[in-house]
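Notes follow the structure.
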There are 2 protein chains.
Amino acid sequence: MMTERKLATLLRREGYKVTPQRRAILKIVTETHDHLTPAALYERVQKAQPHIGLVTIYRTIQILEQLGLICEMHAERTSRSYLLKRASEHHHHIVCSGCGTVTDVTHCELEKLQEQLAKETGFEIDGHILEFFGYCRQCQRLKAE
Amino acid sequence: MMTERKLATLLRREGYKVTPQRRAILKIVTETHDHLTPAALYERVQKAQPHIGLVTIYRTIQILEQLGLICEMHAERTSRSYLLKRASEHHHHIVCSGCGTVTDVTHCELEKLQEQLAKETGFEIDGHILEFFGYCRQCQRLKAE
DNA sequence: CTGGGTGCAAAGTGTTTGCACCGTG
DNA sequence: CACGGTGCAAACACTTTGCACCCAG
């Protein structure tokens with residue numbers, strides 16, 4: 001389980017300072033189970049740190065991404081969106097179109113397909129993005145009402 | 001094989017007018033084997049239609065997307081990017097990180113995995129995005145030099 | 001000849017950068 | 001107390017919209 005505290009330690013270890021603003025960002029990021037756009041993260045962090053700037057959000061996201069602590073989501077068209085990396089191994093996501101909740105898919109069996117495709121196409125394949133979307137249990141119920 | 005002419009017919013059939021600008025766009029789209037950002041498409045179309053506006057590119061892309069004639073790519077971060085839909089069935093892409101060439105992956109075997117995930121997670125999964133990237137034969141050679 | 005299409009300019013979004021001041025380590 | 005971090009404003013990049021004129025059907 002990744003906590004605000006652990007993230008702070010990791011940042012410090014990498015030579016980054018841990019400021020109240022960053023602490024507030026880390027808190028929201030660890031507590032949130034849906035993917036966050038910079039704007040959404042900003043809105044939530046503002047409740048704890050009213051004077052924080054959106055710029056700080058962008059800069060902190062960039063650091064967290066570089067350190068591999070958050071994942072970028074791909075399905076969103078309008079803005080980037082991120083999620084705390086909960087699994088350390090290679091994994092994918094199922095995103096709820098209703099509430100945005102993200103569930104990890106840790107068993108990715110694409111290596112075989114990838115090898116097969118490499119043979120067929122001559123490509124040297126070095127990665128893939130995969131994302132599922134649909135409705136989580138709760139949102140299915142809401143839809144049905 | 002999708003041609004400029006076939007696309008024009010489809011547009012007309014849907015009640016859209018076929019103008020010289022649109023014709024030029026359709027030509028580039030059918031001839032191109034790498035994915036195109038609006039800006040890249042603009043640049044290429046300008047050679048045939050020097051006075052075309054970027055806005056026309058955006059509006060035509062929107063129509064083609066609505067009619068399901070082009071696919072949107074997901075891996076690009078900075079700008080949207082599109083590709084002529086060559087296979088009519090559900091399929092995915094392998095994108096070359098060197099030259100941008102896109103190869104179709106028509107045998108997508110994710111339905112099984114998707115069903116399994118649905119059972120495990122309780123999600124009602126109604127879609128996925130999948131994209132491979134790597135280097136095509138030619139770009140592998142160039143890298144090796 | 002009419003309604004959709006075009007191109008310009010301008011406005012709207014999302015993101016990045018320059019710079020002076022601030023506060024962590 | 002030095003140097004990275006912050007916040008403001010401004011710049012930047014991409015996309016959309018308003019409007020007058022144009023041309024395909």
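As the structure is a computational prediction, the values presented were derived from the model and not from experiment. Letters A, B, ... mirror the listed sequences (proteins, then strands); counts begin at 1.
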### Of residues 48-57 of chain A, the positions that come close to DNA chain D - non-hydrogen atoms, cut-off under 4.0 Å
A/His51, A/Ile52, A/Gly53, A/Val55, A/Thr56
#### Entry: Value rounded to 0.5 Å, distance of CD in A/Glu72 from CD1 in A/Ile129
9.5 Å
### Query
Please, which pairs that meet ring-ring contact (aromatic ring centres under 6.0 Å, His included) have at least one residue in residues 16-35 of chain B, sequence neighbours excluded?
none
### Strand contacts (DNA chain D) in residues 69-84 of chain B, 4.0 angstrom heavy-atom criterion
B/Thr78, B/Ser79, B/Arg80
### Query
By side-chain contact (heavy atoms from CB on, under 4.5 Å), which residues pair with B/Gln62, not counting sequence neighbours?
B/Gln66
### First-last contacting nucleotides on DNA chain C - partner chain B, under 4.0 angstrom, heavy atom
C/dG3 to C/dA9
### Task
Could I get the full list of side-chain contact (heavy atoms from CB on, under 4.5 Å) partners for B/Thr56, not counting sequence neighbours?
B/Gln21, B/Ile25, B/Ile52, B/Thr60
#### Entry: Neighbour count above 12 (heavy atom, 6.0 Å) for A/Arg77 CZ
yes
### Query
Is a side-chain N or O of B/Thr32 found less than 3.5 angstrom from the main chain of B/Val29, in a donor-acceptor match?
no
### Task
Would you mind reading off the bend of the helix from C/dC1-D/dG25 to C/dG25-D/dC1 from its two end axes, five pairs each, to 10 degrees?
40°
### Query
For DNA chain C, what residues of residues 11-33 of chain A have any heavy atom nearer than 4.0 Å?
A/Arg12, A/Lys17, A/Val18
### Message
Assuming nearest nucleotide by heavy-atom distance, tell me which of A/Tyr42 and B/Tyr58 is located more 5' along DNA chain D.
### Response
A/Tyr42
### Partners meeting side-chain contact (heavy atoms from CB on, under 4.5 Å) with B/Arg141 (sequence neighbours left out)
B/Arg137, B/Gln138
### Query
Which pairs, with at least one residue in residues 75-96 of chain A and sequence neighbours excluded, count as a ring-ring contact (aromatic ring centres under 6.0 Å, His included)?
A/His90-A/His92, A/His90-A/His128, A/His91-A/His93, A/His92-A/His128
#### Entry: ring-ring contact (aromatic ring centres under 6.0 Å, His included) contacts in which one or both residues fall within residues 47-79 of chain B, not counting sequence neighbours
none
### Task
Scan for salt bridge (charged side-chain N to carboxylate O under 4.0 Å, His left out) pairs involving residues 38-50 of chain B, sequence neighbours excluded, and state none if there are none.
B/Asp34-B/Arg44
